[in-house]
2 protein chains.
Amino acid sequence: MSAAASVVLGAVLRHGPIARSALARACGLSPAAVTRACAALSDLGLLVEVPEAVPYQGIGRPHVPVDIDTTRHVVAGIHVAHLHCTLTLVDLRGGVLVRREIPHGTPDDPHEVLTTAADQLLALHAERLPGHIPIGLGVAAGGWVDPAHGVIVRHASLGWRDTEVRDLLTARTGLPVRVDSHARALARAEQLFGAARGRESLLHLFVGNVVGAAIVTGGAAHLGPRAAAGDVAHLALGDPAVTCACGKRGCLEATVSDRAWATRAFRAGVISRPLIFDLVDAALAGSAEAKANLAERARLVGRAAAVLFDFLDPEVLVVTELGTNRLPSCAAALRDEVAAMSRASGDVVLASSFGEDVLAVAAGAVQLDALYADPLSIRNPVWQGV
Amino acid sequence: MSAAASVVLGAVLRHGPIARSALARACGLSPAAVTRACAALSDLGLLVEVPEAVPYQGIGRPHVPVDIDTTRHVVAGIHVAHLHCTLTLVDLRGGVLVRREIPHGTPDDPHEVLTTAADQLLALHAERLPGHIPIGLGVAAGGWVDPAHGVIVRHASLGWRDTEVRDLLTARTGLPVRVDSHARALARAEQLFGAARGRESLLHLFVGNVVGAAIVTGGAAHLGPRAAAGDVAHLALGDPAVTCACGKRGCLEATVSDRAWATRAFRAGVISRPLIFDLVDAALAGSAEAKANLAERARLVGRAAAVLFDFLDPEVLVVTELGTNRLPSCAAALRDEVAAMSRASGDVVLASSFGEDVLAVAAGAVQLDALYADPLSIRNPVWQGV
DNA sequence: GCGTTTATCTTTCACGTTGGAAGAAACTGC
DNA sequence: GCAGTTTCTTCCAACGTGAAAGATAAACGC
């Protein structure tokens, strides 16, 4: 309920260890309100005082910086990919504490995949971080996801339809469960912990086997009435010469998705198997041909991003894509292309902040999003007793 | 400040004459809160009781419907077009009470154009509606406008740059002044009084001599850090064969703007002068060639709109364009094209609600937007005295 | 015709959140 | 050790809200 608590916790997250007096200025709240909010958040184990963190130099009573307490709670995350689930335990700053990948038993059976993942995640928690109280469980998946109902409407690669995730896993784990799409989860992560920290608008373009986008305006993700906002997979922003499985021409996904591009590179003789990792590895190993090939993809992604950027005009554009995230030359190609084709200046175009941990962070961010929106809702009876 | 007053006034606007009890249900407020809000709004002359409006049939104490009081206040509007200003006095329901067009004296002198318009508008008010208290002045213009600073950054056709409108006209008229772009003003009008009534997301595409869009998400217009959101004029969504004055190919504005399309139709021999009105008049007079020509434009607009729609996934798409607004066949062509090229079903694609009055309503809506956002800010000392 | 029933609207009161002001606390400088 | 300074806390009044009780105005039933 208390709006102040949410604002204060968000400001602490952004500004690191920070004194209450500075918080009051940063949040536009009275000192009294900040004290009250900090007390409440401290009682819940979300905030700690760290007197030694920022030594006080000046005159007067020394300040007592507060910071996010990452030692008490964890957030669990499940990312449902094509061949495996990524299980994660993430702290309140989005730091990945534990990560494990488990292959799907029976990919056609959502119930089995999800309950197995949840069970293993609980076991992982009991084994590795028994002292951390789990706040909730976030589930991220590529494709069309309806976070309002906790449903994977259409999983991008597994063919699942209208899979009710939230109710299933809440019953199974007893934790609050939130579900969201890949692209939106990562957008929120960028906004909380990454490049878009503190920004109120953001366009996040995710290019993997799935291609998707997330639109953040006014500080909140825009879902659309069908939760389909940002579905750019089949926009005609790609190569017009490519015919997509959907029947249309020039679909973005058919042009630049991992699978599509790997196939294209394979046919062009750049790699010997149609696997994107082969292409990236070759580029990392120094192959000029592979580098040029990936830069070409980055430019195609950039051309599409330029259109979306100019239309939406967000504060930041973040692109999550294997090549640009690992190869500076690709990131530069992307940036140049966007700058050339749009009003965006180079400094608002950024590669994902999360490196290898993208999937792990995404899954956790789904739940952390909810925490930072309403921190006082964490009324965990287990914790209250300690 | 009171959030309830804004919510209540908005609900009254949407639901016409409505009983307080029904308002409480519609707004999710307690009856007490509604009573208080209505009393405050009544005192300000924004609301009236209309006991006879909805005769009560059932048992129990009869309800007393309340409605927007359109008899006390007016909002002034100035729309700055290429050759003239449209001056308007609009009531609180967006109804145009007075409209007058005045040609620019010296189009190159923003100061002269704006002050003349403001002076004439004040005179018009004194002459025609002296009993109505002016709440404020809205200014709408095509191009790049920064409403946060009240500045026309770049007028689309007059070549004005960084014209400070708000401060100039506040000083001149003593009224609160708000400035916004054409596309956003009309989007807000659609949301308040038109097709998008009560919707929280909306994409409005405006096609005139200027081509622009407005993005509404979460109930509020998205501006972007430079107030440039929705600038679709130079997106490559038009005919790739067309080269734009900006140097790029396929720009939307170079393809479908009034001027560009009229020129194209003129060259094709459909009309004898490159004037869009000739084309529309011919079509209205029954010319099959002109109709086909305008339907082709509607389809091109639809193709561009489809991409933007699928990306943003708004609840409604509203297109303001001369042909589709006046010719059912064009509206149908647009609808069909959007439905074919996007996920949008036909019923979310709508032509503008305001017919001949588009410009007049747009100018007024800029200020009405502010009124409905914070009705209690109308502390007009003149009114308080009555 | 008069009390009962029903629904609308208003008033009263308690609650929660906030900012302002005063006070307590902790340190420096003289 | 005392003034000066800044941080943080406590107390209190203001505000907006919902719940509940009360007032009001009609139809209904006998």
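A distance of 7.0 Å separates CG of A:Leu223 from CG of A:Asp180, quoted to the nearest 0.5 Å.
Comparing atom distances between the B:Thr35 side chain and each of D:dT17, C:dG20, C:dC9 picks out C:dC9 as nearest. In this structure, the nucleotide among C:dG20, D:dT7, C:dT17 sitting nearest to the side chain of A:Ser2 is C:dT17. Taking every side-chain heavy atom of A:Ile59 into account, C:dT28 is the closest of D:dT7, C:dT28, D:dA25. Here the side chain of B:Ala3 is nearest to one of C:dT18, D:dT17, D:dC8, namely D:dT17. With distances taken from any side-chain atom of A:Arg36 to the nucleotides D:dC11, D:dT7, C:dC9, the minimum falls on D:dC11. For B:Pro62, the side-chain atoms get nearest to D:dA26 when compared with the rest of D:dA26, C:dT11, C:dT18. Here C:dG19 is the nucleotide among C:dC9, C:dG19, D:dT17 with the atom lying nearest to any side-chain atom of A:Leu29. Considering only side-chain atoms of B:Pro31, the nucleotide from C:dT17, C:dT10, D:dC11 that sits closest is C:dT10.
Across all strands, B:Val64 comes closer than 4.0 Å only to sugar-phosphate atoms, never to a base (heavy-atom distances). Using a 4.0 Å heavy-atom cutoff across all strands shown, B:Ala33 reaches sugar-phosphate atoms only and no base atom.
Between the CG atom of B:Asp374 and the P atom of D:dG16 there is a distance of 12 Å, given to the nearest Å. The distance from atom CZ of A:Arg25 to atom P of D:dT6 is 11 Å, rounded to the nearest whole Å. Here the P atom of nucleotide C:dA24 and the CZ atom of A:Arg20 are 19 Å apart, to the nearest Å. To the nearest angstrom, C1' of C:dC9 lies 15 Å from CD1 of B:Ile18.
When all heavy atoms of B:Pro147 and B:Arg166 are compared, the closest pair comes out as O-NH1, 4.0 Å. Nearest heavy-atom pair across A:Ser201 and B:His222 is CB-CE1, 3.6 Å.
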- side chain to side chain donor-acceptor pair (under 3.5 Å) evaluation trace for B:Thr217 with A:Thr217: CA-CA 7 Å; B:Thr217 55; A:Thr217 56; 2.6 Å; yes
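Ion pair A:Arg178/A:Asp369 not flagged as a salt bridge, since none of the NZ, NE, NH1 or NH2 atoms sits closer than 4.0 Å to an Asp/Glu carboxylate oxygen.
With hydrogens and angles ignored, a donor-acceptor pair under 3.5 angstrom links the side chain of B:Arg61 to the base of D:dT24.
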